[in-house]
Visitor: 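Before I ask anything, here is the structure I am working with.
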Amino acid sequence: YATGRDQPDAMQGVPDMTDGVNHKARSHFPWAASDSAANWTCPGKIALCALFPEQPEAEYAARGTAVHECNDKALMTGADPSDFLGDVVKTDAHEITITEKEVESSRLYVEFVRSLPGKLLVEQKFELTKLETPFPSCGTVDAALLDLPARHIHIVDYKNGTGFGE
């Protein structure tokens, strides 16, 4: 989905994002782009991971999901991340209250994304079929900016980086 930044006519038809993204409802694929390095270097990774039941959501993961939602709202609406201070984001297993720490993490990401040139796409789905991966491979990019005149694509993936689950 695209935000309202102007770009050449080649971007006509890319829908504008008007609603929030439900991160907890996003599906994850065995061959996600962010897993490519591990999947290419460890041929058995996908098969081995499939043997284990899905683990319960850790609070750290829930906090990352909550910040992702703040990021998306800010980028899609032009809001400042501080506008979401005190909001409660419900995830699969947790309710995360947005604190100053989450606001500051979101602000760093949002300011960086906003500093880049190009047509902003937030939570844009993509697939990698043309790369002939051995499994279905697709995903969702947190933010992509298409700067067509410069022939650049900026891909920005938010990582919260707080702690490890048990």
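The figures here come from the full heavy-atom set of this structure, side chains too, leaving out hydrogens, waters and symmetry mates. Small disclaimer: the values here were computed from a predicted structure and weren't measured.
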Visitor: Using every non-hydrogen atom in the two residues, find where Leu145 and Val113 come nearest and quote the distance to one decimal.
Guide: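 Shortest heavy-atom separation between Leu145 and Val113 comes out as CD2-O, 3.8 Å.
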Visitor: Looking only at non-hydrogen atoms, find the nearest pair between Ala74 and Phe84 and report the distance.
Guide: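 What the structure gives for the nearest pair is N-CE1, 3.8 Å.
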Visitor: Sub-3.5 Å donor-acceptor pair from the side chain of Asp83 to the main-chain atoms of Asp80, do we have one?
Guide: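 Answer holds: yes.
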Visitor: Compare every heavy atom of Val67 with every heavy atom of Ser105, then report the nearest pair and how far apart it is.
Guide: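 Minimum heavy-atom contact is CB-CG1, 4.4 Å.
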Visitor: For the NZ atom of Lys45 and the CH2 atom of Trp40, what is their distance to the nearest 0.5 Å?
Guide: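 Answer for the NZ-CH2 pair, Lys45 versus Trp40, is 13.5 Å.
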Visitor: Answer yes or no: is there a donor N or O on one side and an acceptor on the other, between the side chain of Asp142 and the main chain of Tyr158, under 3.5 Å?
Guide: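 Yes; judged by distance alone, with no hydrogens or angles, the pair exists.
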Visitor: Within the 4.5 Å heavy-atom criterion, are Asp147 and Lys119 side-chain neighbours or not?
Guide: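 No, side chains not in contact.
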Visitor: Is it true that a side-chain atom of Thr41 and a backbone atom of Ala37 form a donor plus acceptor pair closer than 3.5 Å?
Guide: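 Confirmed, Thr41 side chain pairs with Ala37 backbone.
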Visitor: Give a yes or no on whether Met76 and Leu116 share a hydrophobic cluster (residues Ile, Leu, Val, Met, Phe, Trp, Tyr; joining criterion: side-chain heavy atoms under 4.5 Å apart).
Guide: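 Result: yes, single cluster for both.
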Visitor: Looking at CG of Asp92 and OG1 of Thr65, how far apart are the two atoms once the value is rounded to the nearest 0.5 Å?
Guide: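 If we round to the nearest 0.5 Å, Asp92:CG and Thr65:OG1 are 8.0 Å apart.
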Visitor: Could you tell me which non-hydrogen atom of Arg107 sits nearest to which non-hydrogen atom of Ser82, and how far apart they are?
Guide: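 What the structure gives for the nearest pair is NH2-CB, 4.1 Å.
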Visitor: Using a 4.5 Å cut-off on heavy atoms from C-beta on, say whether the side chain of Leu85 contacts that of Glu100.
Guide: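 Answer yes - side chains close enough.
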Visitor: How about Thr140 and Gln124: does a side-chain donor come under 3.5 Å of a side-chain acceptor?
Guide: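 Absent: no donor and acceptor within the cut-off.
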Visitor: To the nearest 0.5 Å, what is the distance between CG (Asp157) and OH (Tyr109)?
Guide: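 If we round to the nearest 0.5 Å, Asp157:CG and Tyr109:OH are 7.5 Å apart.
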Visitor: Indicate yes or no: at least one non-hydrogen side-chain atom of Val89 is less than 4.5 angstrom from one of Ile98.
Guide: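 Yes, their side chains come closer than 4.5 Å.
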Visitor: Flag yes if Phe112 and Val110 sit in one hydrophobic cluster, no otherwise; membership is Ile, Leu, Val, Met, Phe, Trp, Tyr, and two members link when side-chain heavy atoms are under 4.5 Å apart.
Guide: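 Shared cluster, yes.
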Visitor: Start with the C-alpha distance between Lys73 and Glu69, add both sets of side-chain angles, then the distance that settles salt bridge (Lys or Arg N to Asp or Glu O under 4.0 Å), and finish with yes or no.
Guide: CA-CA 6 Å; Lys73 287 184 210 175; Glu69 291 198 13; 5.3 Å; no
Visitor: Any idea which heavy atoms bring His94 and Ala62 closest together, and the distance?
Guide: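 That closest heavy-atom pairing would be CD2-CB, 3.6 Å.
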Visitor: Check whether Leu146 and Val141 end up in the same hydrophobic cluster, where Ile, Leu, Val, Met, Phe, Trp and Tyr are linked by side-chain heavy atoms less than 4.5 Å apart.
Guide: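 As far as the 4.5 Å side-chain criterion goes, Val141 and Leu146 are connected within one cluster.
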Visitor: Quick one: does any side-chain atom of Gln55 pair with a main-chain N or O of Pro53 as donor and acceptor, under 3.5 Å?
Guide: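 Answer holds: yes.
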Visitor: Under 3.5 Å, is there a donor-acceptor pair between the side chain of Glu95 and the main chain of Lys90?
Guide: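 Pair absent, no side-chain N/O of Glu95 close to backbone of Lys90.
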Visitor: Write down the atom of Glu102, the atom of Thr97, and the distance for their closest heavy-atom approach.
Guide: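 Looks like OE1-O, 3.8 Å.
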Visitor: Heavy-atom count around Ile153 CD1 within 6.0 Å, excluding the residue itself: above 12?
Guide: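 Open: at most 12 neighbouring heavy atoms sit under 6.0 Å from CD1 of Ile153.
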Visitor: Check for a donor-acceptor pair, side chain of Ser106 on one end and backbone N or O of Val103 on the other, with a separation under 3.5 Å.
Guide: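 Not a single qualifying donor-acceptor pair exists.
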